Amino acid sequence: MEKLFDILIIGGGPAGLTAAIYGCRFGLRVLIIEKLNLGGTVMLTDKVENYPGFPEGIKGKDLGVLFKTHSYVYGAEYVSDTIRSIKEEGDLFLLEGESDYYKGRTVIVATGTKPRTLGIPGEDKYIGKGVSFCAACDGYFFQGKDIAVIGGGDSAIGEAIYLAALCHNVYVIHRRDELKAVRVLEDEARKMGNVAFLWNSVPIKIIGDRGVEGLEIKNIKTGEITILSVKGVFIYIGEDPQTELLKGLINLDEHGYVITDESMKTNIPGILAVGDIRKKPLRQIVTAVSDGAVAAYTAYHYIKGV
């Protein structure tokens with residue numbers, strides 16, 4: 001690609017799309033590079049209930065479409081590609097993708113996170129055959145069946161509530177004796193007649209033949225091992241930052257999250273990081289869009305030299 005862009009944005013989730021909107025409004029030429037579909041993981045969320053302006057909640061897919069449409073309205077350009085490397089060329093940056101090269105004055109990295117895996121026998125074998133990380137994507141296939149949800153945070157309990165409307169029984173397996181999820185989600189889950197909580201328990205093996213048929217779990221207090229008969233296992237035990245591209249280039253913390261200041265600046269002038277890949281206390285859609293707006297503002301002033 002021969003064009004020179006003011007801002008190259010790697011990642012098309014809420015943070016990247018917001019950066020594109022603000023960058024275009026500053027009169028800058030912006031390119032969003034996304035390896036999958038614009039919108040990010042919000043597109044896989046059944047319902048978003050904590051984004052300001054939607055008191056009744058909004059479907060994640062609908063919110064993602066609004067983000068995409070808004071960026072198009074202001075003239076952001078988009079290409080589908082996977083970036084392999086970021087290199088400095090004088091006062092510019094060269095991004096090498098699988099399909100093309102991209103040159104820009106600044107780079108905003110918004111690559112987000114990926115689901116953390118359990119690392120137990122059977123997990124890899126049955127991904128797509130009963131093991132899932134997305135209830136909105138795969139819940140339909142488990143209508144009327146018994147399934148397990150692993151985790152105790154907001155994502156796990158929110159998805160358990162969604163799955164309870166489809167499935168026969170939902171077993172929430174959590175390694176502690178109380179949830180980490182916010183109280184409103186816990187209260188809603190407890191009201192569901194088909195959601196059961198298995199406390200102080202961890203999964204140790206996923207069992208099956210052609211698909212998931214059961215889950216072996218261990219009580220970490222008693223040591224007792226039992227087999228739960230389920231057809232699906234939905235895993236929500238956290239996220240890991242997708243920052244492999246940045247290793248050796250940008251300062252990362254011990255968990256792989258990007259270290260930035262409040263202006264989204266990294267240790268390399270002209271490279272900024274936004275959204276869930278940043279080291280910060282709260283990772284939500286609302287904090288991602290805030291990061292994107294700040295990064296575009298910082299990029300504008302970096303380009304203008306003011």
Side-chain angles (χ1 to χ4, degrees), residues 13-14 40-51 57 59-61 64 112-120 122-124 126-142 145-167 169-190 192 194-206 212 214-218 220 228 230-242 255-257 275-277 282-285 287-288:
T41 54
V42 67
M43 301 288 282
L44 305 178
T45 304
D46 175 55
K47 191 176 183 181
V48 177
E49 296 183 310
N50 57 356
Y51 192 77
K59 293 286 185 181
K61 186 174 182 179
T113 58
K114 58 186 176 183
R116 188 172 298 154
T117 57
L118 295 166
I120 62 173
E123 181 179 32
D124 289 343
Y126 296 115
I127 289 177
K129 299 177 182 178
V131 171
S132 175
F133 302 89
C134 177
C137 307
D138 301 322
Y140 172 83
F141 301 107
F142 298 90
K145 299 178 181 179
D146 292 345
I147 62 98
V149 171
I150 315 299
D154 289 353
S155 295
I157 305 309
E159 300 294 63
I161 293 167
Y162 171 77
L163 289 164
L166 297 171
C167 303
N169 288 304
V170 175
Y171 299 97
V172 177
I173 300 167
H174 189 39
R175 65 182 302 111
R176 298 180 176 84
D177 57 7
E178 62 180 4
L179 298 175
K180 294 169 62 181
V182 295
R183 179 55 63 88
V184 65
L185 287 174
E186 179 176 350
D187 290 346
E188 188 174 351
R190 289 183 180 278
M192 309 290 287
N194 59 339
V195 176
F197 296 91
L198 303 182
W199 306 110
N200 304 306
S201 298
V202 294
I204 56 176
K205 185 178 182 180
I206 298 173
V212 172
L215 181 66
E216 194 171 306
I217 60 176
K218 178 180 180 179
I220 59 176
L228 192 64
V230 293
K231 295 298 184 181
V233 178
F234 289 79
I235 302 168
Y236 302 98
I237 57 170
E239 304 282 330
D240 290 317
Q242 299 192 86
H255 303 294
Y257 289 97
D276 289 354
I277 63 169
L282 182 65
R283 295 182 177 88
Q284 296 281 294
I285 299 172
T287 62

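Basis for what follows: all heavy atoms, side chains included, without hydrogens, waters or symmetry-related copies. In this text the structure is predicted, and so the values were computed from the model without any measurement.
- Residue I173 comes nearest to A148 through the heavy atom pair CD1-CB, 4.0 Å, listed as atom of the first residue, atom of the second, then distance.
- Taken from CG in L282 to OG1 in T287, the straight-line distance is 5.0 Å, to the nearest 0.5 Å.
- In this structure the side chain of Y236 never reaches within 4.5 angstrom of the side chain of D154, judged on heavy atoms.
- Pairing each heavy atom of P203 with each of L215, the nearest pair is CB-CD1, 3.9 Å.
- Under the 30°/60° scheme for interplanar angles, the aromatic rings of H255 and Y257 are found to stand perpendicular.
- Within the 4.5 Å cutoff, side-chain heavy atoms of K61 are placed close to those of M43.
- Taking every heavy atom of both residues into account, C167 and N194 meet most closely at O-ND2, 3.1 Å.
- Closest approach of A164 and V195 over heavy atoms only: CB-CG2, 3.7 Å.
- With a 4.5 Å cut-off on side-chain heavy atoms, E239 and P115 count as touching.
- The line from CD1 of I157 to CG of D187 is 11.5 Å long, rounded to the nearest 0.5 Å.
- Nearest heavy atoms, D138 versus S132: OD2-OG, 2.6 Å.
- The CD1 atom of I147 sits 10.0 Å away from atom CG of L228, with the distance rounded to the nearest 0.5 Å.
- The shortest side-chain heavy-atom distance between I285 and T45 does not fall under the 4.5 Å cut-off.
- With sequence neighbours left out, K129 forms a side-chain contact (heavy atoms from CB on, under 4.5 Å) with Y126.
- For the atom pair CD1 (I204) and CD1 (I220), the distance works out to 12.5 Å, reported to the nearest 0.5 Å.
- Taken from CZ in R175 to CG in L198, the straight-line distance is 14.5 Å, to the nearest 0.5 Å.
- In terms of heavy atoms, R190 sits closest to F197 at CG-CE1, 4.0 Å.
- Under the 4.5 Å side-chain criterion, counting only non-hydrogen atoms from C-beta, E159 is not in contact with F234.
- In this structure, R283 places its CZ atom where more than 12 heavy-atom neighbours from other residues, nucleotides or ligands lie under 6.0 Å away.
- Between L179 and L185, every side-chain heavy-atom pair lies at or beyond the 4.5 Å cut-off.
- Separation of atoms CG (L118) and CD1 (I237) is listed at 4.5 Å; rounding is to 0.5 Å.
- Residues I235 and E123 have side chains in contact (heavy-atom distance under 4.5 Å, counting atoms from C-beta outward).
- Looking at D146 and Y171, their side chains come closer than 4.5 Å, going by heavy atoms from C-beta outward.
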